[in-house]
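Read through the structure below, which is laid out as structure tokens, and then see the notes.
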Number of protein chains: 2
Amino acid sequence: MTSTTAALPRVLERDPEATRANILDIATEEFAEKGFSGARVDDIAARTNTSKRMIYYYFGDKEGLFVAVIERAYAGIRHIEANLSLDHLGPEQALRTLVGFTFDYQNANESFIRLVMVENIHRGVHLARSGNIAELNVPAIATLRDIYRRGRAAGVFRDGIDEIDLHMTISALCFFNVANRATFSRIFQRDMESPQALARRREIVIDTILRYVKQ
Amino acid sequence: MTSTTAALPRVLERDPEATRANILDIATEEFAEKGFSGARVDDIAARTNTSKRMIYYYFGDKEGLFVAVIERAYAGIRHIEANLSLDHLGPEQALRTLVGFTFDYQNANESFIRLVMVENIHRGVHLARSGNIAELNVPAIATLRDIYRRGRAAGVFRDGIDEIDLHMTISALCFFNVANRATFSRIFQRDMESPQALARRREIVIDTILRYVKQ
DNA sequence: GCTATAACTAACCGTTTAGTACATAACCCG
DNA sequence: CGGGTTATGTACTAAACGGTTAGTTATAGC
């Protein structure tokens, strides 16, 4: 045993990008799990590979950290949605696929959904503080608009539907299954998480949307 | 001017029921506005006609207060839903009315919706602590089941729809308009609160449900 | 009217929490 | 290789927070 009288000269690996990302990863989990007020900066710091000091160094304060978490979470979907190509499918099949994808994505990314819930409890003030909110709507609506236009041209979709309304309906149906799982499944004593329950619900959501747009 | 050397003998009106109700009213607002962790017992106490000590006297701790708030909020809808009589209407008109009522009620009771969101962030643990959750589902589903049965008998509704699935769809569509208003309206730069916007959305929700159930 | 108890007040307390002061080591550029 | 800048660790603090202690007053039942 070497008796160390002084502290060992720790090998410090400096990697700002990794440090930032590490903090954001942990903070995302904590905020999603406990909300903005419920999350503890000390707890986040403890779970990172770095210290609380670094959180304040990079993000200023707790709110700045939360804004960064929200921004990154939204950037995540935007990125994925943008890469979803449905051009090779007929309009009906494309819409089915888009709705199914939305349903699957939201169910697979519970923490994103929970962050959106938390942000809505805060009336969207943090999202407002973030610069590029407007860009968020572009890909989702553009995809939907294209599918709808093709469907109308082919005579399979009816007239007079607004794409944002349609997107809202899709979002509402997919979102609920994750966001209100806890209370709904408790009150109605119904499983909403098993693969079977998800598959069942997924079909109903797709069916609901298609019955709404079809002639 | 009477120089009061001793404290004035305050006229104390003792009214336990009113005190309890007063605390619950204020606590409902605070929890709905700031969530469970964000709400402050001191702030709630300051806004009541009574003191912080009374909160602990009646509700034990902050969590006990929140459970009481949640229970009372759910009891509110249950009571109203139970008194909604739709028997005199034909099945299609009855369903239209039920969906419209749900939409209106949720939009008029934002704080209830927000409490449900908060409770879902907490994964429903407080609702679980409450005794009579099972009763909550009875009236809503019973009403829906009756309408659906009549509609099928009359040949206007199609076969094979589960009432709980249908209720979930109705809830999802109505809930979203209140719960996700902040983020959705910001991202898509669309008003979701004006009477016109509400009326428009209300029609879409009703239409969506009817297209889903009709032959 | 007396008394037990339910309803109530004010001041206080220990802990937790977001945020900081200060020191120092690694890195980059000349 | 030296010096300024970026990145990091340790230890601390003031305020906020949930909860409590100790006592007081109204009221109902005898």
Side-chain angles (χ1 to χ4, degrees), chain A residues 4-31 33-70 118 122 125-126 129, chain B residues 4-28 30-31 33-69 118 122 125-126 129:
Chain A
T4 51
T5 50
L8 283 170
R10 285 194 52 195
V11 178
L12 290 177
E13 289 170 33
R14 304 185 76 161
D15 190 342
E17 274 316 302
T19 302
R20 258 188 84 99
N22 177 231
I23 292 172
L24 284 175
D25 288 343
I26 305 292
T28 298
E29 287 176 25
E30 288 282 320
F31 282 130
E33 199 54 39
K34 300 170 189 169
F36 176 74
S37 310
R40 299 290 165 232
V41 179
D42 281 307
D43 292 357
I44 295 171
R47 289 185 51 204
T48 63
N49 301 325
T50 177
S51 68
K52 182 158 72 153
R53 178 72 186 75
M54 284 297 96
I55 293 175
Y56 287 94
Y57 181 69
Y58 283 117
F59 303 101
D61 57 9
K62 189 182 179 182
E63 213 172 316
L65 177 59
F66 186 69
V67 171
V69 163
I70 285 272
V118 170
H122 291 275
V125 287
H126 306 104
R129 244 176 69 167
Chain B
T4 51
T5 50
L8 284 170
R10 284 192 54 195
V11 180
L12 290 177
E13 290 168 33
R14 305 184 78 156
D15 189 343
E17 273 316 301
T19 302
R20 258 188 83 100
N22 176 232
I23 293 172
L24 285 175
D25 288 343
I26 305 292
T28 298
E30 288 283 320
F31 281 130
E33 200 53 38
K34 302 171 188 169
F36 177 74
S37 311
R40 299 293 164 231
V41 178
D42 281 309
D43 292 356
I44 295 170
R47 289 185 52 203
T48 62
N49 301 325
T50 178
S51 68
K52 182 158 73 151
R53 185 64 188 81
M54 282 297 97
I55 294 175
Y56 288 93
Y57 181 68
Y58 283 117
F59 304 101
D61 58 9
K62 190 183 180 182
E63 214 173 316
L65 177 59
F66 186 70
V67 171
V69 163
V118 170
H122 290 275
V125 287
H126 306 104
R129 245 176 67 167

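Every value quoted in this text rests on a predicted model; they were computed, and no experiment measured them. Values below: every heavy atom of this structure, side chains too, minus hydrogens, waters and symmetry copies. All chains are named by letter (A, B, ...) in the order of the sequence lines, taking the proteins before the strands, and each is independently numbered beginning at 1.
As a whole-Å value, the separation of A:Ile55 CD1 from D:dA7 C1' is 15 Å. When the C1' atom of D:dA22 is taken as reference, atom OH of B:Tyr56 falls 18 Å away, rounded to whole Å. The nearest whole Å value for the distance from the CD1 atom in B:Ile44 to the C1' atom in D:dG19 is 14 Å. B:Phe59 has its CZ atom 16 Å from the P atom of D:dG18, to the nearest Å. Going from atom CG of A:Asn49 over to atom P of D:dT8 covers 11 Å, rounded to whole Å. Taking atom CE on B:Met54 and atom P on D:dT25, their separation rounds to 15 Å, with Å as the unit.
Annotation: the span from A:His126 atom NE2 to A:Ile70 atom CD1 amounts to 8.0 Å, rounded to 0.5 Å. With rounding to the nearest 0.5 Å, the separation of OG1 in A:Thr19 from CE in A:Met54 is 7.5 Å.
Between B:Phe31 and B:Phe36, the ring planes lie parallel to each other; the angle is under 30°, not in the 30° to 60° tilted range.
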Using a cut-off of under 3.5 Å, enumerate the N/O to N/O pairs linking the protein to nucleotides 11-17 of chain C.
residue	atom	partner	partner atom	Å
C:dT17	OP1	A:Arg40	NE	2.7

List the atom pairs, donor and acceptor, that lie under 3.5 Å between side-chain atoms in residues 38-45 of chain A and the rest of the protein, sequence neighbours left out.
residue	atom	partner	partner atom	Å
A:Arg40	NH1	A:Ser37	O	2.9
A:Asp42	OD1	A:Lys52	NZ	3.2

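Taking only side-chain nitrogens and oxygens, A:Thr50 never comes nearer than 4.0 Å to OP1 or OP2 of D:dA7. For A:Thr19 and D:dT8, the shortest distance from a side-chain N or O to OP1 or OP2 is below 4.0 Å. Under 4.0 angstrom from either OP1 or OP2 of D:dT8 there lies no side-chain N or O belonging to A:Ser51. Phosphate proximity of D:dT8 to A:Tyr58: present, with a side-chain N or O under 4.0 Å from OP1 or OP2.
Residue pairs meeting the side-chain hydrogen bond (donor to acceptor under 3.5 Å, both in side chains) criterion with at least one partner in residues 57-69 of chain A, sequence neighbours excluded, are A:Glu63-A:Arg129.
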Side chain to side chain contact (heavy atoms under 4.5 Å, CB included) evaluation trace for B:Ile23 with B:Asn49: CA-CA 8 Å; B:Ile23 293 172; B:Asn49 301 325; over 6 Å; no

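Map A:Gly60 and B:Tyr57 each onto its nearest nucleotide of DNA chain C; the residue landing nearer the 5' end is B:Tyr57.
Counting all heavy atoms, side chain and backbone alike, B:Gly35 lies closest to B:Val118 at CA-CG2, 3.7 Å.
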